[in-house]
S.K.: 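First, the structure itself, so that you have it in front of you.
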Amino acid sequence: MTLTTEPRVGDALPAFLVDSVDADKIRIMALIFQDPNPIHFNLEAVRDAGLGDRFVNQGGVTMAYIINMLTSWTGSRGSIRSLSTRFTANVFAGDAVEAGGTVTGVRHTDGQTLVDCDVWVRPVTADGDAPPVVAGTATVAL
C-alpha cells in the first residue's frame, strides 16, 4: 500500500483480518518456538487448565498480527520503529481476530515523518465492540 496523504491524529489504520486462527499453525509455531506449554498442542492440557477445548494461540503470534497490519499499511517491516504491547486475553483456534489502530501523533524528525499509534488485536464480533486481547502503542516511520 502506498500512502498518498500524511496521516492525521484520529485516523484509523487499515485493519488486518485473520478469518480463523488455524489450529495446525498454532501447533507448528509451538514446534518452531520450542514452546513447551501444552496448551498450544494438547487439548487435554487446554481442558485441564480450564480454557475450553481449543488450542491457545501463542501471544507472540497474536502480537505479530499488529506487525502485519503496520507492515501492510506502511509497505515495509523496516518502518516500525517501536512496538510495546500488553496481553489481556487469549486467542483460540478458530477465532476470527482483527488488528487495527488509531493515529495518536504525527511528527517530523530528521527528515522523517514519525507516526505514533495506539494498536490492538481484538476478536471479530457482530457488534464490533469486543475488548482487545492485545493492546499497545507503536511508532512507524513513513
Side-chain angles (χ1 to χ4, degrees), residues 1-43 45-47 49-142:
M1 171 182 189
T2 303
L3 297 173
T4 56
T5 61
E6 183 172 295
R8 294 181 299 203
V9 171
D11 284 353
L13 306 182
F16 178 86
L17 182 64
V18 177
D19 291 322
S20 179
V21 175
D22 186 282
D24 288 336
K25 289 182 181 175
I26 292 172
R27 290 192 305 270
I28 289 167
M29 291 310 293
L31 289 169
I32 290 169
F33 291 156
Q34 298 179 9
D35 185 340
N37 191 333
I39 64 173
H40 305 306
F41 55 83
N42 182 317
L43 288 178
V46 175
R47 286 189 286 274
L51 296 172
D53 61 356
R54 297 181 291 152
F55 296 120
V56 179
N57 202 25
Q58 290 84 1
V61 173
T62 302
M63 183 185 65
Y65 301 148
I66 293 171
I67 295 169
N68 290 342
M69 179 268 303
L70 292 170
T71 299
S72 293
W73 177 51
T74 64
S76 171
R77 285 187 193 268
S79 68
I80 300 170
R81 296 297 184 257
S82 69
L83 176 62
S84 175
T85 59
R86 65 189 174 286
F87 301 91
T88 59
N90 291 315
V91 171
F92 297 90
D95 285 353
V97 295
E98 175 184 57
T102 305
V103 174
T104 59
V106 178
R107 53 200 156 88
H108 302 278
T109 305
D110 297 327
Q112 290 186 321
T113 300
L114 298 176
V115 181
D116 300 315
C117 309
D118 286 338
V119 294
W120 43 260
V121 174
R122 66 179 177 214
V124 174
T125 60
D127 64 7
D129 198 27
V133 295
V134 178
T137 58
T139 299
V140 297
L142 303 180

S.K.: Determine, step by step, whether H40 and F33 satisfy the side chain to side chain contact (heavy atoms under 4.5 Å, CB included) criterion, reporting the C-alpha distance in whole Å, the side-chain angles of both residues, the deciding distance to 0.1 Å, and the verdict.
M.R.: CA-CA 11 Å; H40 305 306; F33 291 156; over 6 Å; no
S.K.: About how many Å separate CH2 of W73 and CG of N68, when rounded to the nearest 0.5 Å?
M.R.: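 N68 CG to W73 CH2: 15.0 Å, rounded to 0.5 Å.
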S.K.: Do side-chain atoms of T85 reach the backbone of T137 as a donor and acceptor pair under 3.5 angstrom?
M.R.: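 No.
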S.K.: Kindly compute the distance separating CG (L13) from OG (S72), expressed to the nearest 0.5 Å.
M.R.: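 Taking CG in L13 and OG in S72, the distance rounds to 11.0 Å.
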S.K.: Would you sort out whether L31 and F41 count as a side chain to side chain contact (heavy atoms under 4.5 Å, CB included), showing the intermediate values?
M.R.: CA-CA 9 Å; L31 289 169; F41 55 83; over 6 Å; no
S.K.: Of all the heavy-atom pairs spanning Q58 and I26, show the shortest one and how long it is.
M.R.: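 Closest approach of Q58 to I26: NE2-O, 3.0 Å.
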S.K.: Which value, rounded to the nearest 0.5 Å, describes the distance between D22 atom CG and R27 atom CZ?
M.R.: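 Result: 8.0 Å between the selected atoms.
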S.K.: Provide the closest heavy-atom pair for A99 versus V121 in the form atom of the first, atom of the second, distance.
M.R.: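 Heavy atoms only, the tightest pair is CB-CG2, 4.0 Å.
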S.K.: Please report the C-alpha distance between I67 and R77 in whole Å, then the side-chain angles of each, then the deciding distance to 0.1 Å, and finally whether the side chain to side chain contact (heavy atoms under 4.5 Å, CB included) criterion is met.
M.R.: CA-CA 7 Å; I67 295 169; R77 285 187 193 268; 3.0 Å; yes
S.K.: Once rounded to the nearest 0.5 Å, what's the spacing between atom CG of L70 and atom OH of Y65?
M.R.: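 That separation rounds to 15.0 Å.
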S.K.: How many angstroms lie between CG in D110 and CG in L114, if you round to the nearest 0.5 Å?
M.R.: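 Answer rounded to 0.5 Å: 8.5 Å.
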S.K.: Decide yes or no for F16 and V97: does some side-chain heavy atom of the first lie under 4.5 Å from some side-chain heavy atom of the second?
M.R.: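 SC-SC contact between F16 and V97 ruled out.
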S.K.: Which pair of non-hydrogen atoms, one from A49 and one from I39, has the smallest distance, and what is that distance?
M.R.: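 Heavy-atom minimum between the residues: CB-CG2, 4.4 Å.
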S.K.: I'd like to know if the side chain of T74 reaches the main chain of S76, judged simply by a donor and an acceptor atom lying under 3.5 Å from each other, with no hydrogens or angles considered.
M.R.: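 Flag set: sc T74 to bb S76 pair under 3.5 Å.
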S.K.: Restricting to non-hydrogen atoms, name the atom on V133 and the atom on P123 that form the minimum distance, rounded to 0.1 Å.
M.R.: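 Distance-wise, the nearest heavy atoms are CG1-CD, 4.0 Å.
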S.K.: Of all the heavy-atom pairs spanning L83 and A138, show the shortest one and how long it is.
M.R.: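 Smallest interatomic distance, heavy atoms only, reads CD1-CB, 3.9 Å.
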S.K.: Rounded to the nearest 0.5 Å, how far apart are CZ of F87 and CE of M63?
M.R.: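 The CZ atom of F87 sits 5.0 Å away from the CE atom of M63.
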S.K.: Kindly indicate, with the supporting measurements, whether the criterion side chain to side chain contact (heavy atoms under 4.5 Å, CB included) is fulfilled by E6 and L142.
M.R.: CA-CA 9 Å; E6 183 172 295; L142 303 180; 5.6 Å; no
S.K.: Would you say that more than 12 heavy atoms from the other residues, nucleotides or ligands in this model lie under 6.0 Å from the CZ of R81, or not?
M.R.: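 Enclosed: over 12 neighbouring heavy atoms sit under 6.0 Å from CZ of R81.
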S.K.: Hydrogens and angles aside, do T62 and N57 bring a side-chain donor and acceptor to less than 3.5 Å of each other?
M.R.: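 Side-chain D/A pair, T62 to N57: present.
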S.K.: If you count heavy atoms of other groups shown closer than 6.0 angstrom to CZ of R8, is the number above 12?
M.R.: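 No, because the 6.0 Å sphere around CZ of R8 holds 12 heavy atoms or fewer from other groups.
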S.K.: Taking the side chain as C-beta and beyond, is there a heavy-atom pair between L51 and V56 under 4.5 Å?
M.R.: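 Yes, close enough: below the 4.5 Å cut-off.
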S.K.: State, yes or no, whether a side-chain contact exists between V134 and I66 at a heavy-atom distance under 4.5 Å.
M.R.: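 They are in side-chain contact.
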S.K.: Checking side-chain polar atoms at under 3.5 Å, does R47 have a donor or acceptor matched by the opposite partner on N42?
M.R.: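 No pair is found: no donor N or O on one side chain lies under 3.5 Å from an acceptor on the other.
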S.K.: For residues I80 and T71, determine if any side-chain heavy atom of one lies less than 4.5 Å from a side-chain heavy atom of the other.
M.R.: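 When only atoms from C-beta onward are counted, T71 and I80 do touch, with a gap below 4.5 Å.
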S.K.: Start with the C-alpha gap between T139 and D116, add the side-chain angles, then the distance that decides, and say whether side chain to side chain donor-acceptor pair (under 3.5 Å) holds.
M.R.: CA-CA 4 Å; T139 299; D116 300 315; 2.7 Å; yes
S.K.: Determine, for R54 against D95, whether the closest basic-nitrogen to carboxylate-oxygen distance falls under 4.0 angstrom.
M.R.: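 A salt bridge links R54 with D95.
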S.K.: Of all heavy-atom pairs between P7 and V106, which one has the smallest distance, and what is that distance?
M.R.: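 The pair with the smallest heavy-atom distance is O-CG2, 3.3 Å.
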